[in-house]
Amino acid sequence: MDFAPDPALSRSEMESLQREIAAAATFTDDIDFTPEDVRDGDALVAGVDQAFLLDEDPERALSAVVVARGGEVIERTHAVTELSIPYIPGLLAFREGGPILAALDTLESDPDLFLFDGSGRIHYREAGLATHVGVITNTPSVGVAKSLLCGEPRASVDGLAEGERVAIDGDDQMPTDEVVGYAYQSRQFDSGRINPLYISPGHRVSAETAVEFVAACGGEYKLPEPTRQADAYADEKKQEYADTNA
DNA sequence: GCGACAG
DNA sequence: ATCTTGTCGC
């Protein structure tokens, strides 16, 4: 089976491929390491994020990957790739999946877990970016999104205390009623103004464990450290390319 | 037609 | 995502 996120597919072909991806995905724990291992530096976690070069035709994506073991960064890599289709809610993997796979191909280390910027199971067809790339690489993956694509929070997610989480149930536009993820307040101030992260299983991780992994990555900021590092690295490299191309 | 929408 | 400085508030 070829699950490659081919941007040339028709919209309906993309949607049916996502249903196949969801069927092949595992939303329960199938891992040989624990959140505790992540804390102790006995597991490799890779944060993946992107920056974009939109003032070009075609536009290009700069995909960055930062691998961490405990608090230390052991590898950073990136890839610059052409983008062929625009962003369409629900079809993000077909725009960014290829570019991300290109960056993962240059990795020398072999991460135990991937943290992607976007949704996993919190998706119309339970096949968001984290699930799509997770299934293709057959690597435990988690989706870390800064806003909610779909699904229904069981309770208000406003002003949660640091460490609190609220289950996200499948809604009427999704094929399941199960818990598809969690709103997770990684950081909070007394004023209670920071929005929570929306964590969901990508592949081979349950919704509960996905949150535990993010929590285990630590960091002083809202985003888990590997993701924050990847974000900064992507911006850094983007400037480099922008200057070179100027 | 209305509403809603990761990055 | 990206375009972008200062600024309101704890």
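Chain letters run A, B, ... following the sequence lines, proteins first, then strands; residues in each count from 1.
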*Electrostatic pair A:Glu59-A:Arg95, nearest N-O below 4.0 angstrom*: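 Yes, charged N to carboxylate O under 4.0 Å.
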
Contact between A:Pro153 and A:Leu148 at the side-chain level, heavy atoms closer than 4.5 Å - yes or no?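 Touching, per the 4.5 Å side-chain cut-off.
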
Do the side chains of A:Pro226 and A:Leu113 get nearer than 4.5 Å, heavy atoms only?
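Answer no - side chains too far apart.
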
Counting any heavy atom closer than 4.0 Å, what does [X] reach on the DNA or RNA strands: base, sugar-phosphate only, or nothing?
X: A:Phe189; answer: nothing
X: A:Leu83; answer: nothing
X: A:Gly143; answer: nothing
X: A:Ser119; answer: base

[X] (side chain) donor-acceptor with [Y] (main chain) under 3.5 angstrom:
X: A:His123; Y: A:Gly90; answer: yes
X: A:Glu56; Y: A:Pro58; answer: no
X: A:Glu178; Y: A:Gly170; answer: no
X: A:Gln188; Y: A:Arg193; answer: yes

Q: Go through DNA chain B in 5' to 3' direction and return only the first and the last nucleotide with some atom under 4.0 Å of chain A's heavy atoms.
A: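 For DNA chain B, the relevant span reads B:dC5 to B:dG7.
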
* Asked: Pick one: which of A:Arg165, A:Glu208, A:Glu164 meets side chain to side chain donor-acceptor pair (under 3.5 Å) with A:Tyr182?
  ->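 Only one of A:Arg165, A:Glu208, A:Glu164 forms a side chain to side chain donor-acceptor pair (under 3.5 Å) with A:Tyr182, namely A:Glu208.
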
Could you tell me whether A:Asp190 atom CG has more than 12 heavy atoms of other residues or ligands within 6.0 Å of it?
->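 No - once you tally the heavy atoms of other residues, nucleotides and ligands closer than 6.0 Å, there are 12 at most.
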
Please say whether more than 12 non-hydrogen atoms of neighbouring residues, nucleotides or ligands are located less than 6.0 Å from CG in A:Asp235.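 Yes, because the 6.0 Å sphere around CG of A:Asp235 holds more than 12 heavy atoms from other groups.
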
Nucleotide N/O to protein N/O under 3.5 Å, stretch nucleotides 1-6 of chain C:
{"unit_1": "C:dA1", "atom_1": "OP2", "unit_2": "A:Lys146", "atom_2": "NZ", "d": "3.2"}

Determine the stems involving DNA chain C; a stem requires 3 or more consecutive pairs of the Watson-Crick or G-U wobble kind, each with both distances below 3.5 Å, and the answer is none if no such run exists.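 Looking at DNA chain C, no stem of three or more consecutive pairs is formed.
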
